[in-house]
Protein chains: 2
Amino acid sequence: MDISLRQMRSFVAVAKLGSFTRAAEFLHVSQPTLTVQIRRLEEALQLKLFDRNPRSVNLTRVGRDLLPSFERTLQDLDSVLLDVKHVSTAQLGVVRIAALPSFAASLLPDSIRHFRKQNPGASFAVKDVIASAVLGLVRSDEVDLGLTGGNVDFPDIEVLFRASDEIRVVYPKGHPIDRFSRITAERLAQFPIVMMDGRTSVRAVTDNAFRKAKLMPTPVTETTQMMTALGMVRAGIGITLLPASAREIAAEPTLRARHISDPNFSRPVWLIKRKNRTLPPLSKAFADHLSRERVSFLKRDD
Amino acid sequence: MDISLRQMRSFVAVAKLGSFTRAAEFLHVSQPTLTVQIRRLEEALQLKLFDRNPRSVNLTRVGRDLLPSFERTLQDLDSVLLDVKHVSTAQLGVVRIAALPSFAASLLPDSIRHFRKQNPGASFAVKDVIASAVLGLVRSDEVDLGLTGGNVDFPDIEVLFRASDEIRVVYPKGHPIDRFSRITAERLAQFPIVMMDGRTSVRAVTDNAFRKAKLMPTPVTETTQMMTALGMVRAGIGITLLPASAREIAAEPTLRARHISDPNFSRPVWLIKRKNRTLPPLSKAFADHLSRERVSFLKRDD
DNA sequence: GATGTCCATAGATAAATCGTATGGCTGAGA
DNA sequence: TCTCAGCCATACGATTTATCTATGGACATC
């Protein structure tokens with residue numbers, strides 16, 4: 001014989017209201033229902049909980065001792081269930097997302113701001129890590145979503161959304177390249193280029209684009225940070241190639257960033273999750289939000 | 001739609017064992033039962049809790065977040081229910097009892113010691129107060145049992161047990177009264193008597209006994225404490241009249257205590273409870289214990 | 001491609017729950 | 001003392017819920 005939550009709620013109601021009839025009203029059930037519930041509870045506990053008289057209902061001492069425990073248990077449970085309700089209706093939750101540092105700095109902040117306008121109960125846990133770490137965090141369920149570039153073609157990874165982050169050429173105003181109306185890989189190769197370090201995903205993309213165009217431009221300098229590359233460009237050392245999403249470009253008002261007429265100069269942006277894993281409602285909502293959102297510097301690949 | 005404790009237990013079992021089949025074994029139910037329980041729970045919460053694959057069952061993130069709450073709630077409840085079980089089987093509990101100070105010092109300590117030999121889980125809350133306070137504490141449910149003398153004939157008071165505490169005469173060895181084989185009220189009245197204070201229940205009994213015998217013995221001294229009366233007797237000031245239950249008599253090895261051949265020299269001892277109130281199992285057991293127990297200085301009035 | 005493992009589904013049966021109608025007890029008031 | 005009102009307990013039929021057995025379907029392994 002086991003006890004039920006309904007029995008516990010019935011017990012608390014009768015104890016607090018001191019009457020089966022009033023408790024029945026309160027719980028929207030008939031009075032005999034409560035009689036049976038309490039009797040079953042007493043049978044299960046093998047304890048008399050109430051002393052009944054036609055005139056009054058009184059807790060026995062063991063009933064009185066038991067009341068606070070049951071009450072606390074029910075309150076705890078109800079507060080958990082209320083939280084659950086908010087989670088299930090996507091009113092509350094933590095969106096755990098791993099992203100490449102460039103996306104974490106450019107794409108995510110505005111998206112999160114917009115999303116939180118409509119979902120004030122959303123909080124975010126953003127991990128800005130390199131591409132392989134994004135995959136690792138997604139695989140180990142430490143994050144719900146991953147925002148990354150590179151290869152994501154794995155059997156345990158599902159792509160929710162794909163876009164392109166265009167790689168642009170950045171040069172000082174008045175630079176000779178500015179006179180071309182269309183800028184191609186060949187044109188770029190004619191100028192000294194400040195290139196990103198070989199381990200960065202940007203460099204992987206540009207190297208690949210030049211290889212496809214059968215060109216081998218020589219880097220005049222290599223930098224790890226985009227900010228450093230821009231400093232070089234400002235100083236007139238050369239031009240550079242940076243993703244459109246890079247916020248750093250805006251920090252240098254004397255520089256111009258322009259589109260390159262070559263589809264290879266773009267890196268893919270993937271929103272991924274672990275395959276066969278259900279997203280929390282709020283994370284799902286954020287994923288949908290990202291998919292719907294038109295980000296100026298991203299090209300949608302639908 | 002409401003959730004049930006069984007659903008919660010099913011959820012925890014499946015989550016911890018990572019398998020519907022193993023959880024079903026563990027809970028001694030069939031596997032489809034668990035499938036249905038979990039589905040119902042998910043419907044009630046409007047949340048997917050598990051990602052099912054034919055090869056593995058994994059908690060979703062919301063499921064993972066929910067698990068500790070449910071687990072804690074169930075553990076709390078189980079520990080309460082375990083306590084309840086011990087209480088219901090009279091293995092555990094607090095016996096709350098109000099008693100006249102004389103009974104609290106004489107009758108109760110040995111009874112409690114014997115009772116605790118058989119019921120090691122019993123603890124006691126003893127209030128030693130005057131008779132009217134005993135009634136008050138019983139009426140207000142602050143104690144389960146009352147041990148008192150005097151009048152207990154009230155409609156809201158139930159007598160569980162009645163005995164008599166014999167009033168004995170106490171005198172120094174070799175005192176002239178010692179030569180009588182039977183001691184009557186008349187014999188007592190021939191000697192100077194150290195009497196208890198008029199407000200004590202002992203004095204009420206002896207006054208009444210002498211009045212019934214149409215005697216008016218004059219007190220040579222009045223004392224409030226039994227110990228003081230005994231000191232007077234030891235010093236040869238007179239004889240005194242004390243209840244057989246008085247432990248103080250044993251402290252004076254040069255004194256003798258003897259029965260008085262007059263049924264009026266005894267005070268009633270009542271074990272009472274509030275009428276229409278169920279006793280906790282352990283308090284009930286103690287009341288039964290008191291009723292069964294043969295106390296040397298108490299005469300049972302069955 | 002066959003097989004085994006595991007979860008989901010379907011249908012039948014047993015159990016529990018609930019509401020209506022009714023009975024029984026107690027205390028207040030005539 | 002009697003009657004009545006108020007309140008809880010009981011009985012019974014209807015509905016819902018829980019459970020089991022049998023079986024289907026998906027995926028991984030060999």
Side-chain angles (χ1 to χ4, degrees), chain A residues 1-45 47-60 63 154-158 274-278, chain B residues 1-45 48-60 63 139 154-158 274-278:
Chain A
M1 183 78 89
D2 220 359
I3 75 167
S4 72
L5 286 173
R6 193 157 310 183
Q7 287 167 357
M8 290 172 64
R9 291 191 201 281
S10 301
F11 167 64
V12 171
V14 173
K16 300 223 114 188
L17 297 174
S19 153
F20 281 64
T21 307
R22 281 198 294 279
E25 270 175 55
F26 176 74
L27 296 173
H28 304 295
V29 294
S30 70
Q31 168 264 313
T33 298
L34 274 193
T35 296
V36 174
Q37 294 272 17
I38 300 294
R39 190 179 56 208
R40 287 242 198 291
L41 181 60
E42 288 180 328
E43 284 166 4
L45 300 181
L47 276 177
K48 202 138 172 271
L49 296 173
F50 294 103
D51 284 316
R52 289 94 150 161
N53 303 306
R55 225 57 186 167
S56 65
V57 175
N58 297 89
L59 282 167
T60 61
F154 302 99
D156 58 341
I157 296 293
E158 178 181 342
R274 196 170 166 198
K275 201 167 185 178
N276 292 327
R277 286 291 183 277
T278 304
Chain B
M1 182 79 88
D2 219 0
I3 75 166
S4 73
L5 286 174
R6 193 157 311 184
Q7 287 167 358
M8 289 171 65
R9 290 190 201 279
S10 301
F11 167 64
V12 171
V14 173
K16 299 223 114 186
L17 296 174
S19 153
F20 281 65
T21 307
R22 281 196 295 279
E25 269 175 56
F26 176 75
L27 296 173
H28 304 296
V29 295
S30 70
Q31 167 265 311
T33 297
L34 275 191
T35 296
V36 174
Q37 293 272 18
I38 299 294
R39 189 179 57 210
R40 286 250 148 73
L41 181 61
E42 287 180 329
E43 284 167 2
L45 301 180
K48 199 135 173 274
L49 297 172
F50 293 103
D51 284 315
R52 288 92 150 163
N53 301 308
R55 223 51 184 172
S56 64
V57 175
N58 297 90
L59 282 166
T60 61
R139 286 202 170 102
F154 302 100
D156 58 341
I157 296 295
E158 178 181 342
R274 196 170 167 198
K275 202 168 183 176
N276 293 327
R277 285 290 182 278
T278 303

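All chains are named by letter (A, B, ...) in the order of the sequence lines, taking the proteins before the strands, and each is independently numbered beginning at 1.
- Rounded to whole Å, atom P of D:dC7 lies 21 Å from atom CZ of A:Arg39.
- In this view, A:Phe154 and A:Leu135, A:Arg139, A:Asn151, A:Asp156, A:Ile157 satisfy the side chain to side chain contact (heavy atoms under 4.5 Å, CB included) rule, not counting sequence neighbours.
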Which pairs, protein N/O on one side and nucleotides 3-6 of chain D N/O on the other, fall under 3.5 Å?
none

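- Within 4.0 Å of B:Ser19, counting heavy atoms only, lie sugar-phosphate atoms of the nucleic acid but no base atom.
- Closest of all the heavy-atom pairs between B:Ser10 and B:Leu27 is CA-CD1, 3.9 Å.
- Considering only side-chain N and O atoms, A:Arg6 lies nowhere under 4.0 angstrom from the phosphate OP1 or OP2 of C:dA16.
- Between B:Glu43 atom CD and C:dT9 atom C1' there is a gap of 13 Å when expressed in whole angstrom units.
- The side chain of A:Arg52 has D:dA9 as its nearest neighbour among D:dC7, D:dT19, D:dA9.
- Atom CZ of B:Phe50 is separated from atom P of C:dC6 by 16 Å (rounded to the nearest Å).
- Candidate nucleotides D:dT19, D:dA9, C:dC7 were compared by shortest atom distance to the side chain of B:Val36, and D:dT19 ranks first.
- Contact of the B:Val14 side chain with the B:Val57 side chain is registered, since non-hydrogen atoms from C-beta on lie closer than 4.5 Å.
- Phosphate proximity of C:dT17 to A:Thr33: absent, as no side-chain N or O sits under 4.0 Å from OP1 or OP2.
- In this structure, CG of A:Leu59 is placed 16 Å from C1' of D:dC8, rounded to the nearest angstrom.
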Report the C-alpha separation of A:Thr35 and A:Gln31 in whole Å, then their side-chain angles, then the decisive distance to 0.1 Å, and conclude whether the side-chain hydrogen bond (donor to acceptor under 3.5 Å, both in side chains) test is met.
CA-CA 6 Å; A:Thr35 296; A:Gln31 168 264 313; 3.0 Å; yes
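- The shortest side-chain heavy-atom distance between A:Asp2 and B:Arg6 falls under the 4.5 Å cut-off.
- B:Ser56 and B:Asn58 form a side-chain donor-acceptor contact under 3.5 Å, judged by distance and modelled atom types alone.
- B:Gln37 contributes no side-chain N or O that forms a donor-acceptor pair with the base of D:dA18 under 3.5 Å.
- Between B:Val12 and B:Met8, every side-chain heavy-atom pair lies at or beyond the 4.5 Å cut-off.
- When the C1' atom of D:dT17 is taken as reference, atom CG of B:Asp2 falls 14 Å away, rounded to whole Å.
- Using a 4.0 Å heavy-atom criterion, one finds that A:Thr21 contacts the sugar-phosphate atoms exclusively.
- Checked by atom type, the side-chain pair B:Lys48/B:Thr60 shows no donor-acceptor distance below 3.5 Å.
- For the pair A:Gln31 CD and C:dG24 P, the interatomic distance rounds to 16 Å; values are reported in whole Å.
- Here the P atom of nucleotide C:dA16 and the CD1 atom of A:Ile3 are 15 Å apart, to the nearest Å.
- Among the nucleotides C:dT9, D:dC8, D:dT10, the one closest to any side-chain atom of A:Phe20 is D:dC8.
- Which of C:dG19, C:dA8, D:dC8 sits closest to the side chain of A:Val57 comes down to D:dC8.
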Reading nucleotides 11-16 of chain D 5' to 3', which nucleotides get B (base under 4.0 Å from a protein heavy atom), which S (sugar-phosphate only), which -?
------
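- Remark: P of C:dG27 and CG of A:Asn53 are 7 Å apart, rounded to the nearest angstrom.
- In terms of position on DNA chain C, the residue among A:Ser30 and B:Asn276 whose nearest nucleotide sits closer to the 5' end is A:Ser30.
- A:Lys16 is not listed as a side-chain neighbour of A:Phe26, based on a closest heavy-atom distance of 4.5 Å or more.
- For the residue pair B:Gln37 and B:Thr33, no side-chain donor N or O sits within less than 3.5 Å of a side-chain acceptor on the partner.
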